[in-house]
2 protein chains.
Amino acid sequence: MDRRRRKTRNAIFEAFIALLDRHSYGQITVGQIIERADVGRATFYAHFETKEELLKALCRELFAHIFEAAEGEETAHSYLFDCQAPDSVFLHLFQHLQKDDNRILTLLSCRNNDLFLGYFKEELRELIKSREAQFSGRKDPRLPDAFWLDHIAATFTETLRWWLENGRKEPPETITEYFYLAV
Amino acid sequence: MDRRRRKTRNAIFEAFIALLDRHSYGQITVGQIIERADVGRATFYAHFETKEELLKALCRELFAHIFEAAEGEETAHSYLFDCQAPDSVFLHLFQHLQKDDNRILTLLSCRNNDLFLGYFKEELRELIKSREAQFSGRKDPRLPDAFWLDHIAATFTETLRWWLENGRKEPPETITEYFYLAV
DNA sequence: TCTATAGCATACAAAATGTTCGGAAACAAC
DNA sequence: GTTGTTTCCGAACATTTTGTATGCTATAGA
């Protein structure tokens, strides 16, 4: 990708993130974004058709990193859903999030929470689905597989939400333990 | 409240609900709403300052009914969180929702799901909070109260979401059992 | 150095927002 | 029924936002 294109794309993302931190998604206008990004109006529309598309692209970009990392860890013989395993994928997700090396924590903690946690859950569901066997042992036989799958993704996402909205006081190990105790 | 005022207020709600069923919240315009409600532009703004306010008012109105009913059942010696109890509040919530006497099921099943399930969870959390003692017995002592409280509300809400998004095939008794098995 | 591409400023049409006004109809209270 | 109040309407209006078009400049990458 052309360096110029990369740069403006990034400028738009940054401006969008900064605005999401202060205003609700619905109130943010393209005008505000391009002003903050210091980018021409036509340029914006050359990159993204609408504000919604911008949001989607941002989500894809951010979550790709997180879940790529989670995928990678699988090869290093980690366990997706073993309470005892000290290096479960869930723990790693919390650890990775806590580092806040990219701006994902900003977005997951901002007033527009729901927008991103929704995407997060979808991605997580796919991740869990691809390793269904690893955690079916924990399931009560009376529960349908589809329900159980969704339940794990939902519980993790809601645990994450709780952690974020309560100031992230607990270390990753503790909040992961809460998750395991709850699910 | 003046009858005229009641009528237009309702017409606006109905139009809004019908539109939410077909379009995403962000795309719905005040113009569409007033056209469908057959109401003057100035009239709309006399009732609601913004589209957001309309949404909030709608949520308040609808959920008030549901949770009022749930509150009432308490007096009839039901149990909030007893697996065995055949008349737990949770079962009653599912039963009440299945009847679909008001338009709440339409809204909870539409593409704008998240908007309403978020409000639902908030309301439910308050309900559970007010009866904290009734279900603390089920809690693992290592979990903080605040986490547990949130977890129950979240799990019920996500169970409800799953039920809705999978066509509500299970009878209230079954889906309530799933909830109890999961939480 | 050359060429394709990205960006800029500006201008513009179209749509949506939010406000104002005077007159008509419905209401409530007497 | 009369009266005073409230609500609605229609229409007009200013403002904001959206999305597109254009001609020119700067830069990337070969």
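A, B, ... follow the sequence lines: proteins, then strands. Residue 1 opens every chain. Heavy-atom basis, side chains included; hydrogens, waters and symmetry copies ignored.
- By the ring-ring contact (aromatic ring centres under 6.0 Å, His included) test, F13(B) is found to be paired with F48(B), residues two or more places apart in sequence or in another chain being considered.
- Rounding to the nearest 0.5 angstrom, the gap separating the CG atom in L91(B) from the CD1 atom in I175(B) is 11.5 Å.
- We find that D114(B) and R161(B) are joined by a salt bridge, their nearest charged nitrogen and carboxylate oxygen being less than 4.0 Å apart.
- Contacts with DNA chain C (heavy atom under 4.0 Å) in residues 8-26 of chain B: none are found.
- H65(B) contributes atom NE2, which lies 10.0 Å from atom CD1 of I104(B) (distance to the nearest 0.5 angstrom).
- Terminal axes of the helix from dT1(C)-dA30(D) to dC30(C)-dG1(D) (five pairs each, C1' rotation axis) are separated by 50°, to the nearest 10°.
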Summarise how protein sits on nucleotides 19-30 of chain C as a single string, 5' to 3': B when a protein heavy atom is under 4.0 Å from the base, S for sugar-phosphate-only contact, - for no contact.
BB----BBS---

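- Between the CZ atom of R6(A) and the C1' atom of dT5(C) there is a distance of 14 Å, given to the nearest Å.
- Taking the salt bridge (Lys or Arg N to Asp or Glu O under 4.0 Å) definition, one finds that R4(B) meets it with D2(B), sequence neighbours left out.
- Residues from residues 28-40 of chain A that place a heavy atom under 4.0 Å from any atom of DNA chain C, listed by number: D38(A), V39(A), G40(A).
- Checking T50(A) against Y45(A) by side-chain atom types alone, no donor-acceptor pair falls below 3.5 Å.
- Partners of Y25(B) under the ring-ring contact (aromatic ring centres under 6.0 Å, His included) rule, at least two apart in sequence or in another chain, do not exist in this structure.
- Using a 3.5 Å distance cut-off with no hydrogens or angles, the side chains of T8(A) and H47(A) do pair a donor with an acceptor.
- Partners of K51(B) under the salt bridge (Lys or Arg N to Asp or Glu O under 4.0 Å) rule, at least two apart in sequence or in another chain, do not exist in this structure.
- Ionic pairing of D145(A) and K139(A) is present here: one or more N-O contacts between side-chain nitrogen and carboxylate oxygen are shorter than 4.0 angstrom.
- For Y178(A), the ring-ring contact (aromatic ring centres under 6.0 Å, His included) partners are F147(B), not counting sequence neighbours.
- Classification of E61(B) and R103(B) as a salt-bridged pair fails, no side-chain N sitting under 4.0 Å from a carboxylate O.
- A nucleotide of DNA chain D counts as in contact with chain A when one of its atoms lies under 4.0 Å from a heavy atom; the first and last such, 5' to 3', are dT17(D) to dG29(D).
- Looking at residues two or more places apart in sequence or on another chain, you find no salt bridge (Lys or Arg N to Asp or Glu O under 4.0 Å) involving K129(B).
- Aromatic ring orientation, F94(A) versus F156(A): tilted (interplanar angle from 30° to 60°).
- Every ring-ring contact (aromatic ring centres under 6.0 Å, His included) that F120(A) has, sequence neighbours left out, goes to F63(A), F67(A).
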